[in-house]
Amino acid sequence: MSFLTGPMHHHLEGHKELTSHKDILNMTDPDVIWVPLMNGNAPCTPLVSVGDKVNIGTKIAERNDHFYLPVYSPVSGTVVAIEKRMSTTLKNVDHMKIENDHQNTVDKPFNPIDYESVSNEELLEFVKNAGMLGLGGAGFPTYAKFTNPTNVDLFIINGVECEPYLTADYKNMMENLSLLKTGTLALLKLSQAKKGCIAVKEDKKDLIAKLQETFNGTNVEVRTVPDIYPAGWERTLVLLLTGRRYDRLPIEAGCILNNASTAIALADALVNGMPLRQKYVTVSGDGVKEPKNVIVTIGTPAHDVIEACGGYTSEEVKVIAGGPMMGNSIPNDLFVVGAPVNGLTVLNYKPEKEVKCLRCGKCTETCPSGLEPVRINNAEKIKDIDTLVKLDVNACIECGMCSYICPSKIDVTEGVRRAKRYMALKK
Ligand code: SF4
Ligand code: SF4
């Protein structure tokens with residue numbers, strides 16, 4: 001089946017002005033952190049014990065199934081517990097609790113390298129050992145995309161950030177142009193593509209000018225995309241930039257994509273020999289008093305980050321890990337900012353009365369994956385597995401458009417998510 005049969009022409013109110021030009025708050029010296037011992041659905045095995053001293057860069061855990069991913073300590077201090085906390089996927093998972101000694105002692109886990117002079121194999125090994133992972137929301141180990149890059153003709157840095165409210169990538173790019181250039185050129189080398197591009201929305205004039213200056217003289221072009229949602233979704237972006245579609249992976253269409261913040265984090269490892277320990281996070285929405293971008297140490301509870309932004313505007317708010325379209329609504333703010341979390345969207349709770357489906361078909365017209373969300377919802381209610389299989393439920397990217405567009409205020413996306421969970425159980 002081919003994707004993207006939907007119209008995907010939706011301009012959403014971005015609300016980016018709430019944070020895009022405000023100063024960034026630095027929260028990189030928390031007293032305690034809880035590092036999630038999970039990557040995607042795969043647990044990471046702890047390599048240190050309760051009572052052990054760790055430094056910034058000490059390898060504290062690793063994923064070691066069909067993918068390898070080391071996890072490095074973002075602070076120096078003492079491991080005081082391994083305990084369950086709810087994650088952004090609403091599952092209870094192990095977290096390593098570390099008390100920060102505020103000494104910032106560093107254990108460099110690897111040496112910086114010059115990506116231009118090493119072989120592709122050495123560079124790939126470096127990316128793997130540095131624990132680089134997708135910071136755009138997926139958290140997928142970065143090296144895995146580059147293990148067999150055959151017939152790649154375009155490497156793409158995704159700086160589109162199409163979710164409303166989120167400006168963390170924009171701020172990160174604006175402030176770290178030199179690292180962005182290094183990380184992009186290193187990943188371009190790994191992709192073996194002859195050219196690369198960095199894609200941003202056409203309304204980001206200041207960023208576009210800076211990127212053009214930064215990448216001048218390289219084989220990385222700055223490309224702009226219209227302000228539509230979900231322009232930053234990989235399938236949409238590949239289609240917008242190349243006119244090509246694919247079924248499973250972008251490499252089928254000759255493309256590899258990485259998020260802009262991932263490229264910046266990789267450059268920090270290449271240039272400074274430092275693993276990922278903090279990230280840019282947008283805290284925004286009408287439910288938080290002082291929306292802004294914050295540089296947060298991995299493992300800091302959302303509650304602390306929101307408090308540092310003035311706290312909530314009312315007692316009835318909805319907290320979303322990520323943006324309002326693709327993020328997960330979380331019933332409390334005790335979850336921590338892990339590597340894939342790029343935003344905390346806080347919205348005043350507005351009860352909306354759901355009414356019966358009008359059969360208007362808007363959810364089907366809107367779905368960028370060409371699905372029939374209303375039929376999926378109906379089949380899920382009666383647990384009709386055969387129909388769910390036919391309706392290709394797993395092609396849903398959970399973009400949230402079907403709920404957003406529904407005039408009956410039905411949370412259609414949640415019904416599709418339930419269907420996906422049900423299908424997974426029945427496998
Ligand atoms: S969330 Fe809804 S609109 Fe988006 S891909 Fe899934 S079914 Fe389609
Ligand atoms: S958009 Fe809402 S009301 Fe319209 S068909 Fe889909 S579920 Fe029904």
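Order of listing sets the numbers, starting from 1, for every ligand and every atom in it.
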Exercise for the section: Have a look at ligand 1 and work out which part of Thr413, if any, has a heavy atom under 4.0 Å from it: side chain, backbone, both or neither. Expected result: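 It is the side chain that touches ligand 1; the backbone stays farther off.
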
Problem - Residue portion contacting ligand 1 (non-hydrogen atoms closer than 4.0 Å) for Pro373 - result: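 Under 4.0 Å from ligand 1, Pro373 contributes side-chain atoms alone.
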
Exercise for the section: Decide, counting backbone as well as side-chain atoms, whether Cys360 has an N, O or S atom less than 2.8 Å from atom 4 (Fe) of ligand 2. Expected result: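 A backbone or side-chain N, O or S atom of Cys360 is under 2.8 Å from atom 4 (Fe) of ligand 2.
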
Practice task
Would you please indicate if the ring centroids of Tyr404 and Tyr229 are separated by under 6.0 Å?
Solution key: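 No; Tyr229 has its ring centre 6.0 Å or more from that of Tyr404.
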
Using only heavy-atom distances, determine whether the side chains of [X] and [Y] contain a donor-acceptor pair under 3.5 Å.
X: Asp333; Y: Tyr312; result: yes
X: Asn342; Y: Ser261; result: no
X: Ser403; Y: Thr413; result: yes

Handout entry: Proximal atoms of ligand 2 relative to Gly361 (non-hydrogen, under 4.0 Å)
Key =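 Once the distances to Gly361 are compared, the set is 4 (Fe), 5 (S).
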
Exercise for the section: Determine, for Tyr422 and Lys383, whether the Lys NZ or Arg CZ falls below 6.0 Å from the six-membered ring centre while staying within 45 degrees of the axis. Expected result: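 Yes, cation above the ring, under 6.0 Å and within 45°.
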
Exercise for the section: Anything under 30° is parallel, anything over 60° is perpendicular, the rest tilted; go ahead and classify His15 against Tyr165. Expected result: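 Taking Tyr165 first and then His15, their aromatic rings lie parallel (interplane angle under 30°).
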
Problem - Enumerated ligand 1 atoms positioned under 4.0 Å from heavy atoms of Cys396 - result: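 What qualifies from ligand 1 is 1 (S), 5 (S), 6 (Fe), 7 (S).
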
Handout entry: Ligand-residue contact atoms, ligand 1 with Gly400, heavy atoms, under 4.0 Å
Key =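 Those qualifying, in numeric order: 1 (S), 4 (Fe).
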
Which residue and non-hydrogen atom of the protein lie closest to [atom], and at what distance in Å?
atom: atom 8 (Fe) of ligand 2; value: Cys357 SG, 2.4 Å
atom: atom 4 (Fe) of ligand 1; value: Cys399 SG, 2.4 Å
atom: atom 2 (Fe) of ligand 1; value: Cys402 SG, 2.3 Å
atom: atom 1 (S) of ligand 2; value: Cys363 N, 3.4 Å
atom: atom 5 (S) of ligand 1; value: Ile397 N, 3.5 Å

Exercise for the section: May I ask whether Leu358 has any heavy atom positioned less than 4.0 angstrom from an atom of ligand 2? Expected result: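 The answer is yes: ligand 2 sits under 4.0 Å from a heavy atom of Leu358.
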
Practice task
Compare all side-chain heavy atoms of Leu187 with those of Thr142 and state whether any distance is below 4.5 angstrom.
Solution key: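 Side chain of Leu187 against side chain of Thr142, heavy atoms only: contact under 4.5 Å found.
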
Problem - Closest non-hydrogen atom pair between Val336 and Trp34, with its separation - result: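 Val336 and Trp34 have their closest heavy atoms at CG2-O, 3.4 Å.
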
